[in-house]
Amino acid sequence: MAPVAKKKPSGMKAGDEATDVVLKYLKKQNRPYSAVDIFNNLGGAVNKAAVTKTLSQLVEEQQIHGKQYGKQWVYVAKQDEYEQPSKDALDEMDARIARLKEEVATTKEKNKQLQSTLNGLTGSLTNEQIEARLVELDEENAKLDIRLEKLRSGGASLLSKEDIRRIDTKLDGMRKEWRKRKRMFNDAWGAVTENVQGNLSEFAETVGVETDEMVGVDIKNILAL
């Protein structure tokens, strides 16, 4: 029995149809492609062997340009078929490219600043950690109030020099931490509200932000202790 010839898949182009499909694709895209790129981009409309053969034929007929780079050929539509831009159009393109480059540089710098702000915010305590810390401070304050009452009533001995030194050191550390966190907040708040329109106090209330000033606390008074 004679071997059965393989049928061409339905919809796959060959011959002049394949040539027309490949040539139209190159003209429409107007950019260089390898034979493999064209075969893949056509989605199987022309088989790989037909694509390679068609490209070689189009180059021989000088309908397209082809150039070998290493082991691979690259093909592109002939540029003389396209309208050449005027000097004014080229100058406008150059100016637009320059503006876009400047916009890209500006955007990159702004992204860098925002990333720095974000890193600072994510490095701070979470709301849950702040609440837990406030509970600890409330308990500590309660203990100190009890101790202070004993001191005032004469029911406890005076603090030793070592106790005073330790308390002063702790107070100084807490004041430094306060200044650090207040500076971090001010930097982050300034970046976040840079483009906010309207009343910043109302905006702060909307997003749930409370500052020292809102609750009647002045860090200068604390630092003066």
Side-chain angles (χ1 to χ4, degrees), residues 29 31 37 40-41 43 92-225:
Q29 300 300 321
R31 58 177 294 182
D37 291 333
N40 291 332
N41 294 343
E92 174 59 27
M93 290 180 189
D94 289 338
R96 185 166 183 270
I97 290 172
R99 289 195 301 270
L100 290 174
K101 286 183 177 179
E102 186 175 348
E103 290 179 10
V104 169
T106 301
T107 302
K108 284 184 177 180
E109 180 60 28
K110 189 172 183 179
N111 285 342
K112 182 179 179 182
Q113 294 174 359
L114 291 174
Q115 185 62 49
S116 177
T117 300
L118 178 60
N119 291 340
L121 290 173
T122 54
S124 303
L125 294 176
T126 64
N127 290 341
E128 291 77 11
Q129 290 172 326
I130 291 174
E131 291 176 359
R133 181 57 178 156
L134 286 174
V135 171
E136 293 177 2
L137 291 175
D138 285 340
E139 293 176 353
E140 188 174 339
N141 285 338
K143 293 178 182 178
L144 291 175
D145 284 340
I146 295 173
R147 188 172 182 183
L148 179 60
E149 184 61 30
K150 288 183 179 180
L151 289 173
R152 286 174 176 172
S153 62
S157 60
L158 296 177
L159 294 174
S160 67
K161 290 183 179 180
E162 178 60 26
D163 288 337
I164 294 174
R165 186 195 65 76
R166 185 170 60 253
I167 292 172
D168 286 341
T169 299
K170 188 173 182 178
L171 177 60
D172 185 56
M174 295 179 72
R175 286 185 298 197
K176 289 180 179 178
E177 185 66 19
W178 189 353
R179 285 199 302 268
K180 174 184 174 183
R181 292 184 179 277
K182 188 172 182 65
R183 184 168 57 253
M184 289 172 59
F185 169 78
N186 288 337
D187 292 342
W189 184 248
V192 170
T193 60
E194 180 179 0
N195 297 316
V196 173
Q197 303 294 328
N199 190 302
L200 292 184
S201 297
E202 294 179 357
F203 176 71
E205 184 176 353
T206 301
V207 297
V209 171
E210 288 187 353
T211 65
D212 296 337
E213 292 74 17
M214 290 179 182
V215 294
V217 176
D218 189 346
I219 191 173
K220 294 181 180 179
N221 295 336
I222 303 299
L223 296 178
L225 292 176

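The environment of Glu102 atom CD is sparse: at most 12 non-hydrogen atoms of other residues, nucleotides or ligands sit within 6.0 angstrom.
Leu148 CG to Asn141 CG: the interatomic distance, rounded to the nearest 0.5 Å, is 11.5 Å. To the nearest 0.5 Å, the span separating CG on Leu171 from CZ on Arg166 amounts to 13.5 Å. In this structure, the separation between OG1 on Thr106 and NZ on Lys101 is 14.0 Å, given to the nearest 0.5 Å. Rounded to the nearest 0.5 Å, atoms NZ (Lys110) and CD (Gln113) are 9.0 Å apart. To the nearest 0.5 angstrom, Met174 atom CE is 11.0 Å from Arg181 atom CZ. For the atom pair CZ of Arg96 and CG of Asp94, the computed distance is 12.0 Å after rounding to the nearest 0.5 Å.
For Asp172 (side chain) and Asp168 (main-chain N/O), no donor-acceptor pair under 3.5 Å exists by modelled atom type. Side-chain atoms of Ser116 do not come within 3.5 Å of backbone N or O of Lys112 as any donor-acceptor pair.
With contacts defined as side-chain heavy-atom distances shorter than 4.5 Å, the pair Glu131/Val135 does not qualify. Within the 4.5 Å cutoff, no side-chain heavy atoms of Asp37 are placed close to those of Gln29. Contact check for Glu177 versus Lys180: side-chain heavy atoms found under the 4.5 Å cut-off.
With salt bridges taken as basic N to acidic carboxylate O contacts below 4.0 Å, one links Glu140 and Lys170. A salt bridge is defined here as a Lys NZ or Arg NE, NH1 or NH2 lying under 4.0 Å from an Asp or Glu carboxylate O, and Arg99 with Glu92 meets this definition. A salt bridge links Glu162 with Arg165: the closest approach of a Lys/Arg side-chain nitrogen to an acidic carboxylate oxygen falls below 4.0 angstrom.
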